[in-house]
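Throughout, protein chains are lettered first and strands after them, A, B, ... in sequence-line order, and every chain is numbered starting at 1.
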Amino acid sequence: MSSRTPTSPAASSAHPTPSLATRLRTDAVGVFRGEDAGREVTLTGWVHRRRDLGGLLFVDLRDRSGLLQVSFGPDWTEAGGLESAHGLGAEDVIRITGELRLRPEEARNPELPTGDVELQARTLTLLNSAETPAIPVYRGPGDELPAEELRLRYRHLDLRRAELQRNLLLRHRLILATRNYFHGLGFLEVETPMLTKRTPEGARDYLVPSRVHPGEFYALPQSPQIYKQILMTAGFDRYIQIARCFRDEDLRADRQPEFTQIDLEASFVGPDDILEWVEGLMAEMAEIAGIEAAPPFHRLSWAEAMDRYGSDRPDLRWELEIRDWTRVLGTADSAILRGAVEGGGRIRGLRLPGGASLSRRQVEEIEAAAKAAGAPGLLWAKRTADGGSGPLARWLEESHWTGLEAAEGDLFLVAAGADRITSPALSATREAAIRLLELPKVREHAWLWVLDFPLFEEEDGEMWANHHPFVLPHPDDADRLQDDPLSVRGIAYDLVYNGSELGSGSLRIHDPAVQRQVLRILGLDDGEIDRKFGFLLEALASGAPPHGGIALGMDRIVKDFLAAPSLRDVIAFPKTTAARALFEGAPSPVESDELMELHLERREKSAKGNNTSSPEPESPA
RNA sequence: GGGGCUGUAGCUCAGUUGGUUAGAGUGCCGGUCUGUCACACCGGAGGUCGCGGGUUCGAGUCCCGUCAGCCCCGCCA
């Protein structure tokens, strides 16, 4: 038995591919190399491409392992096989028996892993013919991909492409590695329900009507959060699940309504236990994906991240940092700057050496990004040979320029006011400036932990849990919980890779009294608390161990490791931005008797204008 | 819910200031071809210009509406 190099598209490390031989074939097509010449094989696969020279005919045979050229000719192919080979079309499914031969020296193809050999077909069997594919599987150099709508509509064809096969193979290997890794650490995989109780806060739930209980609904889980905490109280001290989660919110390129989390929780842990486990997992995953991850990862407190980068998930591939110029510029004779400082705000900004080369139009593009992030405006100035230019420059005396440590050619981008406004604006400014100036990266793979998030945030006078209501208050801050809750940090941590949030976790409250207190701060009265969280409080009161965990976004991990443009490229059957499945056509209307059984009634959507109600393919009259 | 981009042959795209019969490449069909690998060459078929309405002598092109896909804001504890 010869051990061959696997040629699957994502085989980037020594991960052995088992033989794909079956009763119908002796091998997969992509495994063959020069040393296999002389072997008698039977292979199956799809017709990828055909080159018909009349007397000679070549077919690129494809399966998930790769491509292999099959040659047909009168000297080695049975007459019947030769004749039907001329009629083969793209995506026909065939089976070929013949001998692997070294290709003539001048006819080898160095671009193909199997390019030194070809299968000389003796017999050909058409296992299934294919209609002309609606979208091509083959993609020539310079060919654009078909429209995304068509790729989703004909997903069975799009998924035949090597790129998507490679993506899903990597995904498989990462999931497998995850299970092995946590198994090795003593974690147990426990499944939790998909038909669950509606969660009172957070994202919109997908609801499932109950047939046996009129008017009542299950919810699909947004995450197994409460279940895993209950598993901790039950004594399963290390839990893991590759968990499917659902949130009925509008989509983005990095957001699908249905997604997969690596969900874990452990008892009797400190935050560093979780962080180190996850760092170890990321190191293993990164190695599989061929990217760099060297624990321990850099750590920033939430406050520091907001201060230096304006974001709770800064992209540290670039070093550019926000500076505090409150002292330096607070003396400038500008109403905006003075007002900001007098109002208790700060003056912060970015210094961009060489940034003065940007056109006014480009600087305005940066300002537009800041405004889109909620800033009323952005002040800017260029340091030039004869002083300065830009809206900010008129307020600047020479002493200000000195305080800014300005050099000729610098661009200064400044925002003034409360941090909660200027931080997001400066983060957007930072990203736009990096893009427009094409600043060089200082590293290709930036791993980061962001720690100590505030427990609460206030919006329109209401208190909200920053993460979720179960995060353990930081012990140093716990005495302020009642009087100054907004200043209380949680023992919480986010994993950030290249500016993308890959995971989020915390230690949890295990004292039912503290849990009740936090829920009260969030505005729930005791009745609501018992109704909505009674089962959790009951579990905590039964002797819950200190515990904590994290949830990592599997889809995003695969997407970011592949630098794929969209989550749709790492999910086999994704939804569109309108949450539709174009291939199978979900969601779809149901018959009214089915609705009746579920105690539901369809309400006509009130029509706009003087249109009557929308047409509905209901029961035929 | 809001903003933006896109929609023309199976696929990818062009289509000028509103003006004769809407084009190209590829795929498809037919033919020639024994070392191709984006095979080559010859010939052919293929169109509800997303859909509906309007302006106009005349609309792929202008206007209004609508549908779909994508990107963004809101939303996503």
Provide the distance between the two C1' atoms, one in B:G27 and one in B:U66, to the nearest whole Å.
32 Å
Considering only the C1' atoms, how many Å lie between B:A40 and B:G35, rounded to the nearest integer?
13 Å
Strictly by Watson-Crick or wobble contacts shorter than 3.5 Å, is anything paired with B:G47, and which nucleotide is it?
none
Do the charged groups of A:E99 and A:R122 touch, with an N to O distance under 4.0 Å?
no
I want to confirm an ordering. Mapping A:L145 and A:D254 to their closest nucleotides on RNA chain B, which one lands closer to the 5' end?
A:L145
So what does A:N466 touch, heavy atoms closer than 4.0 Å: a base, only the sugar-phosphate, or nothing?
sugar-phosphate
Pairing partner of B:A40, by Watson-Crick or G-U wobble and under 3.5 Å for both distances, is B:U32
Length of the line joining A:E148:CD and B:U12:P, which is rounded to integer Å:
12 Å
Rounded to whole angstrom, note down the P distance from B:C5 over to B:G65.
14 Å
Ignoring backbone atoms, establish whether A:T577 has a side-chain N or O less than 4.0 Å from OP1 or OP2 of B:C70.
yes
Integer angstrom distance from the C1' of B:A45 to that of B:C29
7 Å
I'd like the P distance from B:G18 over to B:U32, given in whole Å.
50 Å
B:G19 - base-pair partner by Watson-Crick or wobble geometry, distances under 3.5 Å:
B:C57
From the list B:G69, B:C70, B:C76, which nucleotide is the closest neighbour of the side chain of A:L582?
B:G69
So, A:D60 and A:R49, do they make that salt bridge, N to O below 4.0 Å?
no
Please state how far atom CD in A:E149 lies from atom C1' in B:C11, giving the value in whole angstrom units.
14 Å
Base, backbone or nothing for each nucleotide of nucleotides 34-44 of chain B, written B, S, -, heavy atoms under 4.0 angstrom, 5' to 3'?
BBBBSB-----
Select base, sugar-phosphate, or nothing to describe what A:L150 touches, counting heavy atoms under 4.0 Å on all strands.
sugar-phosphate
Let me know the distance between CD of A:E144 and P of B:G7, rounded to the nearest Å.
14 Å
Could you identify the nucleotide paired to B:C75, looking across every strand shown and requiring Watson-Crick or G-U wobble geometry with both distances under 3.5 Å?
none
Between the base of B:C76 and the side chain of A:R255, is one N or O donor paired with an acceptor at under 3.5 angstrom?
yes
Go through the structure and list residues passing side-chain hydrogen bond (donor to acceptor under 3.5 Å, both in side chains) with A:R420, not counting sequence neighbours.
none
So that I can tick it off, tell me whether A:R255 and A:E249 are bridged by a salt bridge, with the cut-off set at under 4.0 angstrom between side-chain N and carboxylate O.
no
Could you say whether A:P136 or A:E249 is positioned toward the 5' end of RNA chain B, judged by the nucleotide with the nearest heavy atom to each?
A:P136
Side chain of A:R252: nearest nucleotide among B:C72, B:C71, B:G27?
B:C72
If B:A68 has a Watson-Crick or G-U wobble mate with both distances under 3.5 Å, name it; if not, just say none.
B:U6
Please give the distance between the P atoms of B:G50 and B:A9 as a whole number of Å.
8 Å
With sugar-phosphate meaning primed atoms plus P, OP1 and OP2, does A:S223 contact a base, only sugar-phosphate, or nothing at under 4.0 Å between heavy atoms?
base
Nearest atoms (heavy-atom pairs only) where A:A465 meets A:F456
CA-CD2, 4.5 Å
Under-4.0 Å salt bridge between A:R155 and A:D158:
yes
Do A:Q241 and A:T192 meet the criterion of a side-chain donor-acceptor pair at a distance under 3.5 Å?
yes
For A:D116, the side-chain hydrogen bond (donor to acceptor under 3.5 Å, both in side chains) test, sequence neighbours excluded, returns none
Which residues in residues 506-520 of chain A have at least one heavy atom lying under 4.0 Å from any atom of RNA chain B?
none
Gap between atoms NE2 and P, on A:H86 and B:G31 respectively (whole Å)
11 Å
For the P atoms, the ones on B:C42 and on B:A24, what distance do you get once it is rounded to whole angstrom?
14 Å
Mind checking side-chain hydrogen bond (donor to acceptor under 3.5 Å, both in side chains) for A:E457 and listing every partner two or more places apart, or none if nothing turns up?
none
Remember a base hit wins even if backbone is also touched, and classify A:A578 as base, sugar-phosphate or nothing at under 4.0 Å, heavy atoms.
sugar-phosphate
Checking A:E458 now: which residues fulfil side-chain hydrogen bond (donor to acceptor under 3.5 Å, both in side chains) with it, not counting sequence neighbours?
none
Between atom CG in A:L152 and atom P in B:A68, what is the gap in whole Å?
15 Å
Nearest-Å distance once atom P is located in both B:U8 and B:C49:
11 Å
Is it true that A:D526 and A:R516 make a salt bridge, defined as a side-chain N closer than 4.0 Å to a carboxylate O?
yes
